[in-house]
Amino acid sequence: MKLSIVAFTAVAGTAFAFPPSRNPTFAARSSTSLYKTKPPVFDEVCDTTGVTLKRFMSEVALLNPEISELTTLFGGIETACKALSNLVKRSQLPSSETLGYEGNVNVQGEDQKKLDVISNDVLKRALRFTGKLGVLASEEEDTPVDLMPENAKTSEIFIDEGDRYVAVFDPLDGSSNVDAGIPTGTIIGIYEHDEACEIDDECFDEDCTEQEAQCLANTLQPGTNLVAAAYCLYSSSTFLVLTLGSGTYGFTLDENIGEFVLSHPNIKIPETSSIISMNEANTHMWDEPLQKVVRGWREGTGKSGNSFSSRYIGSMVGDVHRTLLYGGEGTGKSGNSFSSRYIGSMVGDVHRTLLYGGVFGYPGDTKNPNGKLRLLYEGAPMSFIVEQAGGLSTTGFERVMEVTPEIVHQRVPIIMGSKNDVQEVIDAYAEACVKKEDTVET
């Protein structure tokens, strides 16, 4: 999987270079303090096309002129999602150029699939052609580089004057599952640029690298600074779900007209559910409070009284297809450590959780104390979407949205979903901390 960061600027003049900036810092703040976005109300809707994403964003811009530039950015995101949806559909054809591995390993130590690389390039190009000149930092580039292909290997970075945004994205979440036909997706978060990303046009070599690092530091913001977040899901249909800080809205691609159409207005997660979506093969390695809560859910002795079911794909054909390709159902004689496969794609699991309720999690354990999901590209944007739909998202000890990343690829434990069920996890951790403190005092 390949992750990228792009710093975007809203064009308001001619591009030029700046003198160096110094140590930008970002304080966590309530997302509602950024903008009190007014959601649109549609009195008249065309029976044939419904409310398209273009119309939705145009109405948002009219009601909220301070974020009107987001209309252009979401136009680029929409285009990228359409292109990626087609790439994923064709990825298993013998004639496809996306088959197989690229032969490289990214900075996370993961083998790159050709589809990862192509997806990243598609999203970069789509966002570049919104007219917002960008600076890119990804798992494949050690330092930020100009999005313009002819300058991609130079140290000169130009920033347009105006109100600036930072976009962070995971181009293809769950790409390892593409071969098995399992849902994949794209995750995107958009922040404000609190500090000027300033590059001296006379800098040289190491001085430029240091200034580029200062620009990169502008991406290290807590989720509470998010202006918008979205994901695209490539599955039975192509879905685009977004939040601008005032509710969560879902769109479905109508391939007959080539437009995303509003299909899930103002999504609300059920407050209580009976679905667990975690890798339960790791239960014995989880924190004791989480083990206790999940055990209660399975036995029907949790606070809700519901007996929870563990959600794998939930389709026999889908599960058998994955088993045919990857194997499964071992007897223990192999000595292998097996993993319990839910959907195996964060976008797919979260999308189901939004619609049906439930708890999705990739918690920390003794093997991976900080979990495996990245805070900046996955945890914060998806938490923003879930919270705006009435759910909660926590590490167990704190709200995911309030965690300020210290490094670009920082990982974070995540448990998110239905409000009452996630709150039960939060309470269990709080109770365990109190008992620990009492023991220490005694």
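For reference, positions follow the sequence shown, starting with 1.
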Does Glu255 come within less than 4.0 Å of Lys89, counting only side-chain N to carboxylate O? yes
Mind checking whether Leu355 and Lys268 have side chains closer than 4.5 Å, heavy atoms only? no
Check: Ser273 side chain, Gly358 main-chain N or O, donor-acceptor pair, under 3.5 Å: yes
Between Ser307 and Ser274, which heavy-atom pair has the shortest distance, and what is it? O-CB, 3.8 Å
Passing candidate, side chain to side chain contact (heavy atoms under 4.5 Å, CB included) with Val422, options Leu392, Ile269, Val386: Leu392
Is it true that a side-chain atom of Thr243 and a backbone atom of Gly247 form a donor plus acceptor pair closer than 3.5 Å? yes
Would you say the rings of Tyr377 and Phe169 are close, in the sense that their centroids are separated by under 6.0 Å? no
The test is side-chain contact (heavy atoms from CB on, under 4.5 Å); show your working for Leu53 and Leu242 and say whether it passes. CA-CA 10 Å; Leu53 178 60; Leu242 64 85; 3.7 Å; yes
Is the NZ atom of Lys372 crowded by more than 12 outside heavy atoms at less than 6.0 Å? no
Checking the side chain of Thr224 only, and the main-chain atoms of Glu402 only, is there a donor and an acceptor separated by less than 3.5 Å? no
State, yes or no, whether a side-chain contact exists between Val241 and Leu233 at a heavy-atom distance under 4.5 Å. no
As an exercise, state the distance from OG1 of Thr252 to CD of Glu259, rounded to the nearest 0.5 Å. 13.5 Å
Does the side-chain contact (heavy atoms from CB on, under 4.5 Å) test come out yes or no for Leu87 and Val122, once each step is laid out? CA-CA 10 Å; Leu87 279 173; Val122 166; 3.9 Å; yes
Taking Gln423 for its side chain and Lys419 for its backbone only, find out whether a donor-acceptor pair lies under 3.5 Å. no
Asn279 side chain to Ala281 main-chain N or O, any donor-acceptor pair under 3.5 Å? yes
Counting N and O atoms only, with roles assigned by atom type, does the side chain of Glu59 sit under 3.5 Å from a partner on the main chain of Arg55, one being a donor and the other an acceptor? no
What's the verdict on side-chain contact (heavy atoms from CB on, under 4.5 Å) for Tyr249 and Ile267, showing C-alpha distance, side-chain angles and the deciding distance? CA-CA 6 Å; Tyr249 295 82; Ile267 298 171; over 6 Å; no
Testing the basics here: between Met401 and Ala380, what is the closest heavy-atom pair and its distance to 0.1 Å? SD-O, 3.7 Å
Report yes or no: does Ser85 contribute a side-chain atom to a donor-acceptor pair with the main-chain N or O of Lys82 at less than 3.5 Å? no
Tell me, please, which residues at least two apart from Thr186 pass side-chain contact (heavy atoms from CB on, under 4.5 Å). Leu84, Leu123, Ile188, Cys232, Tyr234
Nearest heavy-atom neighbours spanning Thr71 and Met57: OG1-O, 3.4 Å
Minimum side-chain heavy-atom gap Val178-Gln92 below 4.5 Å: yes
Report yes or no: does Asn64 contribute a side-chain atom to a donor-acceptor pair with the main-chain N or O of Val60 at less than 3.5 Å? yes
With a 4.5 Å limit on heavy-atom distance, are the side chains of Tyr429 and Ile426 in contact? no
Would Thr394 and Arg399 count as having a side-chain donor-acceptor pair, cut-off 3.5 Å? no
For Ile276 and Arg298, run side-chain contact (heavy atoms from CB on, under 4.5 Å): C-alpha distance rounded to whole Å, both residues' side-chain angles, the deciding distance at 0.1 Å, then the answer. CA-CA 9 Å; Ile276 309 170; Arg298 286 200 299 247; 4.2 Å; yes
With rounding to the nearest 0.5 angstrom, report the CG to CG distance, Leu63 to Leu244. 11.5 Å
Side chain to side chain, Ser393 and Val400, heavy atoms closer than 4.5 Å: yes
If you take all heavy atoms of Ser263 and Phe251, which pair is closest and at what distance? OG-C, 3.7 Å
Supply the atom-to-atom distance Asp349 CG to Met382 CE, rounded to the nearest 0.5 angstrom. 9.0 Å
Tell me, please, which residues at least two apart from Phe239 pass ring pair (Phe, Tyr, Trp, His ring centres under 6.0 Å). His351
Asn420 backbone acceptor or donor facing Ser418 side chain under 3.5 Å: no
Going from CG on Asp170 to CG on Asp116, what distance comes out if it is rounded to the nearest 0.5 angstrom? 8.5 Å
Looking only at heavy atoms, what is the nearest atom pair of Pro222 and Pro405, with distance? N-CD, 4.1 Å
Pairwise side-chain contact, Val347 with Ile187, heavy-atom cut-off 4.5 Å (strictly under): yes
So which atom in Trp286 and which in Pro363 form the shortest heavy-atom distance, rounded to 0.1 Å? NE1-CG, 3.5 Å
Interatomic spacing from CE in Met278 to CZ in Phe360 - rounded to 0.5 Å: 8.5 Å
Any heavy-atom pair between the side chains of Phe384 and Thr248 that's under 4.5 Å? no
Does the side chain of Tyr231 reach to within under 4.5 Å of the side chain of Ile385, using non-hydrogen atoms? yes
All side-chain contact (heavy atoms from CB on, under 4.5 Å) counterparts of Glu424, not counting sequence neighbours: Val293, Trp297, Lys303
Kindly compute the distance separating CD1 (Ile67) from NZ (Lys38), expressed to the nearest 0.5 Å. 11.0 Å
